[in-house]
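This report refers to the structure that appears directly beneath it.
Below, read A as the first sequence line, B as the second, and so on, with proteins coming before strands; counting in each chain starts at 1.
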There are 2 protein chains.
Amino acid sequence: MSFQPQQIAGNNAEKTKAHNRRVVLGYLQTRAAGRAEIAKAAGLSTQTVSNLMAELETEGLVLRTGRRAAARGQPPVVYAFNPAGAAALGFEVRPDMLTMVLTDLGGTALASEHHRLAQTDPDFVLAQMARLAQKAIARSPIARILGAGLVIPGPFGLEGLSTDDATALPGWDPATLPARAELLLGLPVHIDKDATAAALAEGMSGAAQGLPTYAFLYFGSGLGLGIVAQGHPLRGAFGNAGEVGHVIIHPNGRACGCGNAGCLEQYVSRLSVQRHLVAKGHLAPDTSGTDATLLRLLDTQNPDLIEWLDTAAEALSRAIGMLENLFDPQSTVLGGALPDALIDALIARLALPTGSVARRSDRTAPRVQRGTSGRFTAALGAAALVIHSTVTPRLDAHRLESPPCP
Amino acid sequence: MSFQPQQIAGNNAEKTKAHNRRVVLGYLQTRAAGRAEIAKAAGLSTQTVSNLMAELETEGLVLRTGRRAAARGQPPVVYAFNPAGAAALGFEVRPDMLTMVLTDLGGTALASEHHRLAQTDPDFVLAQMARLAQKAIARSPIARILGAGLVIPGPFGLEGLSTDDATALPGWDPATLPARAELLLGLPVHIDKDATAAALAEGMSGAAQGLPTYAFLYFGSGLGLGIVAQGHPLRGAFGNAGEVGHVIIHPNGRACGCGNAGCLEQYVSRLSVQRHLVAKGHLAPDTSGTDATLLRLLDTQNPDLIEWLDTAAEALSRAIGMLENLFDPQSTVLGGALPDALIDALIARLALPTGSVARRSDRTAPRVQRGTSGRFTAALGAAALVIHSTVTPRLDAHRLESPPCP
DNA sequence: ACCTTAACTCAAAACATTTGAATAAAATAT
DNA sequence: ATATTTTATTCAAATGTTTTGAGTTAAGGT
């Protein structure tokens, strides 16, 4: 991911092959298939697919899973995506915490580690990352590591938009960081914001699996949005698309640190429920033990929590209606740093607007559902960035070295 | 544009060449350049670019514009995009009207025609289109016609979401129509909804020229949104992305035909200002002569119109803030079927939210601006669909013939 | 048994790009 | 003035990948 002006790159034979590899891998990610079927789907000759599959097989990225009896003719040799063919590292950096996961190509976690951060200086954190990576790679059951994903909280290049100043990471420039990290880790590094990465994780192995177009609402400390359209994450001009937390949902509503009143994340976020419960005396001002308290209050149908749920569900319903009308997703997924039971309770209380393009008779995916990646979603998403880049066909961009001067 | 499940297609040498042609043409669309510069920008060899340029020159799509004195060395032969190299047809179908334009490759209109529609039956309208096309092609100053764009009002595949039932076109299936139209016109046909096409027109030759990522608010009878992200229109899972008119901007606000209350287009749309002026007695119930009345009232600063402007600007400000936070565009452009002066008055009254990712110090384009394509925007956009498809590199999709059976 | 259908393989051909050497034209240095 | 450097361009051969067409394998249908 980059925020510099880019130029679409030209193709040549080698790039063509790399593209075709991604096409084939992307197809197999969804379903096992014979080579003839793949060739037909991709518009390639069977010979080409044969050659590619032979290569992918020796690399261990695909497996023959036997023959399948077809209606007539020679039964195809069925190939399947091999999740154990390679691994990816994912790092999530928060102001107080560094989380690392190692996943296979299916997005399944093989190892994970948390590391408290005393400082957020990039040099310091990068050194910690290198240390964790080395250890993880040494112990990894899968030898081949494709790369590392790095996830930091957005928005990028702005000040004063986060709900909480403690969520900002000063000095973390997404334009220059990957190069520095690549040098230290000796691996290709991809960077993105938490919600976008989390969305990819959910699309790779979670609730949005197989959907090309969906929205993912990510509960961090605020509320983030990751949008995937036709299989590609939507990042906007400066990487800040999906800043849904500061959409005004209640005109003249609660004041927000950003200067607006009535921002969505004042009603629907972890911070919002914490504040409500602190005010009602259910939680200490340091908000320790939030999750246990939340689950207890939910279990007993505590009126104070129900009050928050009702307010949040009302705001969220309208917000989801808005997202549906703007992005026309196949499904909207909710996940992140909130207990599953609370997300379920929120979903159960939604009253989605009737005037939405999502109200169509031919839907296959639920309008709203809870994600399945749990609390590590963002770190898993970091790894998913790597997998996505090796499996999903894309238009390559070419960074402009110098401005094209007249 | 298609709404069927698609599969990304594989590449081969021919597709590689087609891609490289688009890369080169897309580069030249922005600025004239020598072959070495193009080669460097696209990551191609100079030889390849030389070959492509020779071809494009004989096809008349590019022109040598002489040599440019460089700092040192042999001065490059400068090539420029030739707008007169080919033409495109654009059709806008509305329930009562068929509009056609013929444009050159720069998006400049060469001819235009209106045709009242007595019926909206696709067969009937397609026949009218064929007739108009034939006439336009016969009179065209540019012989080569690349194709035709067809624009119909969205949303697709839904009922009961339009503000006005009169805007719907029954029987117009965007999935099957292009094929039928291609047969009749003998040209490649592209279809899309009005706001998306209008956005492309504005990006090709209007206010958003050169911007890869922008939002376009389109005043039709309701309010539509066309989003262009990294040069590509965002269409969503079913082609209905950008249905901004039915985003709820005032909780418990004015009732809307869609079932919601407080939809944006109840406050910001041509229909909304018409209703307001009819209610105030400035306009006949048949809303004839709307534009003249609007301009007169605006000129005299009529309090009733100012009242509408204030209400609309308040709603629109929040809506634009929302779009900025969700799409992170470089600019938001307003255009369509509203007099320029009224759009300007609306923009002058905006009070954009402070909590927006668009508040950055390094912006180059204005946060909000009026479009420059005028009232034909949608029909011009239809033609822009054709130009876009020949000039913009893309990932080719391959329609799945039969479902991949297990 | 024989035919049909479908998947697959092999070797040759086709396509477009890249490479490396050579040429052209200008600014700068001697 | 002349040589040198720099940049743009062209030519011909080499390279990488895909496609094509013929032939093989393996199953079901008749």
Fill in the blank from the handout: Expected string for nucleotides 9-18 of chain D under the B/S/- scheme (protein heavy atoms, under 4.0 Å, primed atoms plus P, OP1, OP2 as sugar-phosphate) is BBBB---BSS
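Separating the NE2 atom of His19(A) from the C1' atom of dT17(C) is a distance of 17 Å, rounded to the nearest angstrom. To the nearest angstrom, C1' of dC8(C) lies 16 Å from NZ of Lys40(A).
Side-chain atoms of Arg72(B) and base atoms of dT5(D) include a donor and an acceptor less than 3.5 Å apart.
Under the side-chain contact (heavy atoms from CB on, under 4.5 Å) criterion, Val62(B) pairs with Leu25(B), Leu28(B), Met53(B), Leu56(B), Glu57(B), Tyr79(B), not counting sequence neighbours. Evaluation of the side-chain contact (heavy atoms from CB on, under 4.5 Å) rule for Asn51(A) yields Gln47(A) as partners, not counting sequence neighbours. Judged as a side-chain contact (heavy atoms from CB on, under 4.5 Å), and not counting sequence neighbours, the contacts of Val23(A) are His19(A), Ala42(A), Pro393(A), Gln7(B), Ile8(B).
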Please report, to 0.1 Å, the donor-acceptor pairs under 3.5 Å made by any side chain of residues 180-189 of chain B, with sequence neighbours excluded.
unit_1	atom_1	unit_2	atom_2	d
Arg180(B)	NH2	Asp123(B)	OD1	2.7
Glu182(B)	OE2	Val189(B)	N	3.0

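For the salt bridge (charged side-chain N to carboxylate O under 4.0 Å, His left out) condition, no pair includes a residue of residues 78-89 of chain A, sequence neighbours left out.
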